[in-house]
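FYI, the numbering just counts along the sequence from 1.
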Amino acid sequence: METGRPVLLSGGNPQIPKGFGEGPVQAYIAAMPGWKQDVGRALDGLITAALPGVGKAVKWNSPLYGMQEGLWFLSFHCMTRYVKVAFFRGTELRPMPPVGSRQPLIRYLHIDQDGAFDEAQFTEWVRQASRLPGERM
């Protein structure tokens, strides 16, 4: 039965068509299931407040944020037990986000169901990341 809501992929990640701008990102956040939606709203709000005019897009069923067209510094994605925030040049942030990656430059922040994370530290990472070269995706 067609519900008009996006399909949720593994881990509850919404399947959102590729698109650029505020609309696709807000559609992604609105489709995030349960507690993850509150986390998505909080992340987007903090990023937007720290960087007015930040570029936004959805690609590969994940919202992307960047300061130059086609270049991105951050993304997030729904996993089963947490929301995974990826800083594409996270090894250059101080202090580094806590979770490593198989990719040499990427670092992650995992936000669990309680939704607790250090918003001041996150905002500082966003500001730092926005000044680094973005990743073409």
Side-chain angles (χ1 to χ4, degrees):
M1 180 174 165
E2 179 62 39
T3 64
R5 295 203 31 94
V7 171
L8 296 180
L9 303 170
S10 65
N13 198 55
Q15 185 176 27
I16 300 293
K18 176 182 173 181
F20 296 88
E22 190 72 28
V25 171
Q26 293 309 314
Y28 176 94
I29 292 168
M32 293 173 77
W35 62 269
K36 295 172 187 172
Q37 189 175 109
D38 292 336
V39 171
R41 273 197 288 271
L43 293 171
D44 183 70
L46 290 168
I47 295 164
T48 302
L51 303 170
V54 66
K56 299 180 183 185
V58 171
K59 288 183 162 187
W60 305 286
N61 303 307
S62 295
L64 299 165
Y65 294 82
M67 297 307 292
Q68 296 176 305
E69 188 172 330
L71 299 175
W72 311 103
F73 64 85
L74 178 147
S75 180
F76 57 88
H77 193 88
C78 292
M79 307 302 284
T80 301
R81 292 188 174 90
Y82 55 90
V83 174
K84 177 167 67 172
V85 181
F87 291 92
F88 299 134
R89 296 181 74 93
T91 59
E92 296 180 44
L93 303 178
R94 296 293 174 257
M96 282 193 289
V99 182
S101 170
R102 286 177 274 175
Q103 302 297 318
L105 296 178
I106 295 176
R107 295 290 292 189
Y108 299 112
L109 172 66
H110 293 171
I111 303 172
D112 297 326
Q113 186 169 354
D114 67 9
F117 65 102
D118 184 336
E119 292 184 4
Q121 181 62 70
F122 175 78
T123 299
E124 178 55 29
W125 283 329
V126 166
R127 288 187 180 117
Q128 287 180 44
S130 74
R131 294 188 297 266
L132 297 170
E135 296 296 318
R136 188 165 305 281
M137 305 183 124

Notebook entry, point to check: Are Leu8 and Val39 linked, directly or through other ILVMFWY residues, by side chains that come within less than 4.5 angstrom of each other?
Noted result: no
Notebook entry, point to check: If you take all heavy atoms of Pro33 and Cys78, which pair is closest and at what distance?
Noted result: CD-SG, 4.3 Å
Checklist line | Value rounded to 0.5 Å, distance of CZ in Phe76 from CG in Leu43 | finding: 5.0 Å
Check: With sequence neighbours excluded, what pairs up with Glu119 under the side chain to side chain donor-acceptor pair (under 3.5 Å) test?
Finding: none
Margin query: Does atom CD (Gln121) have a neighbourhood of more than 12 heavy atoms from anything else shown, all under 6.0 Å?
Written below: yes
Note to self: Using the salt bridge (charged side-chain N to carboxylate O under 4.0 Å, His left out) criterion, which residues pair with Arg41? Sequence neighbours excluded.
What the structure shows: Asp38
Notebook entry, point to check: Counting only N and O atoms by type, is there a donor-acceptor contact under 3.5 Å from the side chain of Asn13 to the main-chain atoms of Asn61?
Noted result: yes
Next item on the list: Mind listing the closest non-hydrogen atom pair of Phe88 and Ser75 along with its distance?
Entry: CZ-CB, 3.5 Å
Check: For Val7, which fellow cluster members are found when Ile, Leu, Val, Met, Phe, Trp and Tyr are connected by side-chain heavy-atom distances below 4.5 angstrom, either directly or through intermediates?
Finding: Leu9
Item checked: Donor-acceptor pair, side chain of Gln37 and main chain of Met32, under 3.5 angstrom -> yes
Next item on the list: Look at the side-chain heavy atoms of Ile, Leu, Val, Met, Phe, Trp and Tyr, link any pair under 4.5 Å apart, and say whether Met79 and Val85 land in one connected group.
Entry: no
Margin query: Using every non-hydrogen atom in the two residues, find where Met96 and Thr91 come nearest and quote the distance to one decimal.
Written below: SD-CA, 3.4 Å
Next item on the list: Apply side-chain contact (heavy atoms from CB on, under 4.5 Å) to Pro52 and list each qualifying residue two or more places apart in sequence or on a separate chain.
Entry: none
Note to self: Under 4.5 Å between side-chain heavy atoms, counting indirect links through other Ile/Leu/Val/Met/Phe/Trp/Tyr residues: same cluster for Val83 and Tyr65 or not?
What the structure shows: yes
Next item on the list: Give every residue pair that meets the salt bridge (charged side-chain N to carboxylate O under 4.0 Å, His left out) criterion with at least one member in residues 96-114, sequence neighbours excluded.
Entry: none
Next item on the list: Would you confirm whether Glu135, through its side chain, and Trp72, through its main-chain N or O, come within 3.5 Å as a donor-acceptor pair?
Entry: no
Next item on the list: Hey, could you give me the CD1/CD1 distance between Ile29 and Ile16, rounded to the nearest 0.5 Å?
Entry: 10.0 Å
Margin query: Can you list everything that forms a side chain to side chain donor-acceptor pair (under 3.5 Å) with Ser62? Sequence neighbours excluded, please.
Written below: His77
Checklist line | Minimum-distance pair of heavy atoms, taken over all atoms of Gly90 and Pro97 | finding: O-CD, 3.5 Å
Note to self: Please say yes or no: joined through hydrophobic side-chain contacts below 4.5 Å, possibly via intermediate residues, are Met137 and Met67 part of one cluster?
What the structure shows: no
Next item on the list: Classify the ring geometry between Tyr82 and His110 as parallel (under 30°), tilted (30 to 60°) or perpendicular (over 60°).
Entry: parallel
Check: Looking at residues at least two apart in the chain, or sitting in another chain, which of them share a ring pair (Phe, Tyr, Trp, His ring centres under 6.0 Å) with Tyr108?
Finding: none
Item checked: Qualifying salt bridge (charged side-chain N to carboxylate O under 4.0 Å, His left out) pairs with a residue from residues 24-36, counting only residues at least two apart or across chains -> none
Item checked: Partners meeting salt bridge (charged side-chain N to carboxylate O under 4.0 Å, His left out) with Lys56 (sequence neighbours left out) -> Glu22, Asp44
Check: Is the backbone of Arg127 close enough, under 3.5 Å, to the side chain of Ser130 for a donor and an acceptor to pair up by distance?
Finding: yes
Margin query: Glu92: which residues meet the salt bridge (charged side-chain N to carboxylate O under 4.0 Å, His left out) condition with it, sequence neighbours left out?
Written below: Arg89
Item checked: Results of ring pair (Phe, Tyr, Trp, His ring centres under 6.0 Å) for Trp125 - residues two or more places apart only -> Phe87
Next item on the list: Kindly give the heavy-atom pair with the smallest separation between Leu93 and Ala129, and that separation in Å.
Entry: CD2-N, 3.6 Å
Check: Looking at Ala50 and Thr123, what are the two nearest heavy atoms and their distance?
Finding: CB-CG2, 3.8 Å
Notebook entry, point to check: Which residues satisfy the side-chain contact (heavy atoms from CB on, under 4.5 Å) test with Arg81, sequence neighbours excluded?
Noted result: none
Next item on the list: Give a yes or no on whether Val54 and Val58 share a hydrophobic cluster (residues Ile, Leu, Val, Met, Phe, Trp, Tyr; joining criterion: side-chain heavy atoms under 4.5 Å apart).
Entry: yes
Checklist line | CG-CG distance between Leu64 and Leu71, expressed to the nearest 0.5 angstrom | finding: 11.0 Å
